[in-house]
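Just so you know, ligand 1 is whichever comes first in the structure, and atom 1 is the first atom listed for that ligand.
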Amino acid sequence: MSEVVLRVENLKKSFGSVQVLRGVSFEVKRGETKVILGPSGTGKSTLLACINRLVEPDSGRVFLENEEITPKNVHRMRQKIGFVFQDFNLFNHLTALDNVRIGPMKVQKIPKEEATQIALEQLRKVGLLDKANHYPSQLSGGQKQRVAIARALAMRPKVILFDEPTSALDPELIGEVLSVMMDLAKEGMTMVVVTHELGFARNVASEILFMEDGVILERGAPDEFFSNPKTERAKQFLKKLSELYGEKPR
Ligand code: ADP
Ligand code: MG
């Protein structure tokens, strides 16, 4: 059995009187891609943000390679967790190369020349070596998101969390980002992906976690989940998504 990289135990979080996470637990083994599906407002982003304490959970525990993430060690632990957001979060005043090498240089104190090599290697990997000196304003949405993925990779993370990485993209740009993510999964990167892309979920996920109202309502292998969802909520959700995006999971 491969080793557990990320373990989430009974996470709970309320905003005011609204309980957004009501006890979420799962684990991700090395090389797995967990895909989190679920309607909007069900706590998916809050869950990812609680993992590296961008949002402080009320209770529950998170372990990365068997070390618990705590308020005390979170700065060190965050370096090992890549995060790719819907809206890229690039520094607009920095080139693609600088966006990718700033983490290794400033956070990991890697010398500039070595950080540059790491950054160029990751830009090559996402197909953007020729855009290294471009600023975000000179890049398409798909290219910006690929820079964001290269930036996450440059830190040599143990796991990468993706929060709807293609939701802000024009339809014709989604494919290039999904294809980079698919390659990462194939190479054995450990990933947690919140997405509405059912094709990706079906083809790439090791397991689907279906979230509804702050809990994981249903989980299972993608084939099983898509062909035979057990809960009425999951059935309705899949039906709605296919109507919305006209996408049938293959
Ligand atoms: P999802 O990503 O599944 O769409 P979110 O985790 O973003 O869901 O949000 C879940 C619920 O928590 C929503 O009702 C949202 O309005 C609420 N929420 C999220 N972040 C905050 C916050 N910082 N303050 C108050 N409410 C929040
Ligand atoms: Mg969200």
Side-chain angles (χ1 to χ4, degrees), residues 6-26 28 33-62 69 71 74 78 81-90 141-142 144-145 148-149 152 159-171 173-174 177-178 181 191-202 204-205 207-220 222 225-226 229 231-245 247 249:
L6 180 70
R7 188 161 85 248
V8 171
E9 281 182 11
N10 206 19
L11 274 187
K12 295 185 181 169
K13 177 68 185 177
S14 295
F15 292 111
S17 60
V18 185
Q19 198 175 6
V20 172
L21 297 179
R22 299 191 293 132
V24 174
S25 303
F26 65 93
V28 191
T33 298
K34 298 279 188 199
V35 169
I36 301 178
L37 299 177
S40 149
T42 53
K44 304 181 300 297
S45 294
T46 304
L47 170 61
L48 293 193
C50 281
I51 288 175
N52 65 359
R53 292 187 125 85
L54 293 172
V55 168
E56 189 63 23
D58 296 335
S59 62
R61 308 170 79 182
V62 179
I69 303 175
V74 65
R78 255 186 213 149
I81 304 175
F83 212 125
V84 175
F85 301 89
Q86 181 173 326
D87 51 5
F88 328 123
N89 276 20
L90 296 178
K144 281 189 251 196
Q145 194 58 298
I149 293 172
V159 58
I160 306 182
L161 315 177
F162 294 83
D163 192 358
E164 298 200 34
T166 61
S167 292
L169 300 178
D170 292 334
L173 302 177
I174 290 175
V177 172
L178 292 180
M181 292 168 61
M191 317 203 286
V192 179
V193 183
V194 174
T195 186
H196 295 302
E197 292 296 326
L198 300 186
F200 178 87
R202 173 127 208 180
V204 182
E207 190 183 39
I208 305 286
L209 307 176
F210 175 69
M211 269 185 82
E212 169 78 49
D213 203 15
V215 292
I216 296 174
L217 194 64
E218 183 170 339
R219 63 177 86 196
F225 179 79
F226 285 108
T231 58
E232 196 49 44
R233 297 288 199 99
K235 275 179 209 165
Q236 281 170 8
F237 172 76
L238 287 175
K239 186 157 170 272
K240 233 190 199 150
L241 262 199
S242 331
E243 284 166 9
L244 205 60
Y245 296 101
E247 187 185 359

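Each of the following atoms of ligand 1 lies closer than 4.0 Å to a heavy atom of T42: 1 (P), 3 (O), 8 (O).
Backbone and side-chain nitrogen or oxygen atoms of V20 are examined, and none is located within less than 3.5 angstrom of a nitrogen or oxygen of ligand 1. Between G41 and ligand 1, at least one pair of N/O atoms sits closer than 3.5 Å.
Of all the listed residues (P39, G16, G43), G43 holds the heavy atom that lies closest to atom 8 (O) of ligand 1. Compare L37, L47, T46 by their heavy atoms: the one nearest to atom 9 (O) of ligand 1 is in T46. Between atom 7 (O) of ligand 1 and the options S40, S45, G214, S14, the minimum heavy-atom separation is to S45.
Taking the side chain as every heavy atom from C-beta outward, T195 and F162 never approach each other to under 4.5 Å. Between L48 and F85 there is no side-chain heavy-atom pair separated by less than 4.5 Å. Side-chain contact between L54 and R78 is present, with at least one heavy-atom pair separated by less than 4.5 Å. Looking only at side-chain heavy atoms (C-beta outward), R219 and L209 come within less than 4.5 Å of each other.
Ranking protein heavy atoms by distance to atom 24 (N) of ligand 1, first place goes to F15 CD2, 3.4 Å. Given atom 3 (O) of ligand 1, the protein heavy atom at minimum distance is K44 NZ, 2.7 Å.
The CG atom of L6 lies 6.5 Å from the CD1 atom of I69; values are rounded to the nearest 0.5 Å.
Judged by the shortest distance from any of its heavy atoms, G38 lies outside the 4.0 Å radius around the atoms of ligand 1.
Nearest heavy atoms, R22 versus K12: C-CG, 4.1 Å. The two residues A148 and F88 come nearest to each other via the heavy atoms CB-O, 3.8 Å.
Distances from atom 27 (C) of ligand 1 to the protein include at least one heavy-atom value under 4.0 Å.
In summary, E56 and R53 engage in a salt bridge, as defined by a charged side-chain N under 4.0 Å from a carboxylate O.
With 2.8 Å as the limit, S40 does not count as an N, O or S neighbour of the Mg ion (ligand 2).
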